[in-house]
Amino acid sequence: GCVVSGARIVRSVLSSRVRVERGARIEDSILLPGVQVGAGCELRRVIVDENAVLPPGTRIGYDAEADRRRFLVTARGIAVVPDGTVLMPAGGR
């Protein structure tokens, strides 16, 4: 199962072992097994591959240019976060 703590999830698919923390917003996205989404994250039109860790406050799918610098973005504008990605929190800590 998944653990979703006070988050908003719309038109999305969450696989097994996904954890979504308080205040996160996920729209039109697919999260594969073992993904961890920190508090206050915002994801829109994103595929997050297995075991990725997104720290609190991460935003993906709102700034196409920033997404292209960090991830593969499909021709239709869907950002793909690779398997096992562990993003650093803002400020590098």
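In what follows, every heavy atom counts, from backbone to side chain, and hydrogens, waters and symmetry copies are set aside. Residue numbers count from 1 along this sequence. These numbers were taken from a predicted model, which means no experiment stands behind them.
For R59, the salt bridge (Lys or Arg N to Asp or Glu O under 4.0 Å) test picks out E42, with sequence neighbours left out. Annotation: salt bridge (Lys or Arg N to Asp or Glu O under 4.0 Å) contacts of D28 (sequence neighbours excluded): R11. Residues satisfying the side chain to side chain contact (heavy atoms under 4.5 Å, CB included) criterion with R17, sequence neighbours excluded, are P33, N51. V86 pairs by the side chain to side chain contact (heavy atoms under 4.5 Å, CB included) definition with V53, not counting sequence neighbours. For R19, the salt bridge (Lys or Arg N to Asp or Glu O under 4.0 Å) partners are E21, not counting sequence neighbours.
We find the CD-SG distance between Q36 and C41 to be 11.0 Å, quoted to the nearest 0.5 Å. Interatomic distance, R70 CZ to T85 OG1, rounded to the nearest 0.5 Å: 10.0 Å. Summarising the geometry, atom CZ belonging to R45 is positioned 12.0 Å from atom OH belonging to Y62; distances are rounded to the nearest 0.5 Å. Annotation: the span from R68 atom CZ to D63 atom CG amounts to 9.5 Å, rounded to 0.5 Å. To the nearest 0.5 Å, the span separating CG on L32 from CG on D83 amounts to 9.0 Å. Atom CD in E27 sits 6.0 Å away from atom CZ in R8 (nearest 0.5 Å).
Residues V73 and V80 fail the side-chain proximity criterion, which asks for heavy atoms closer than 4.5 Å.
Formation of a donor-acceptor pair under 3.5 Å by the R44 side chain with backbone atoms of G61 is found in this model.
In the hydrophobic clustering, where aliphatic and aromatic side chains (Ile, Leu, Val, Met, Phe, Trp, Tyr) are joined below 4.5 Å either directly or transitively, F71 groups with V4, I9, L14, V18, V20, I26, L31, V35, V37, L43, V46, V48, L54, I60, V81, L87.
Closest of all the heavy-atom pairs between A52 and P82 is CB-O, 4.2 Å. When every heavy atom of G38 is checked against every heavy atom of A24, the shortest pair comes out as O-CB, 3.9 Å.
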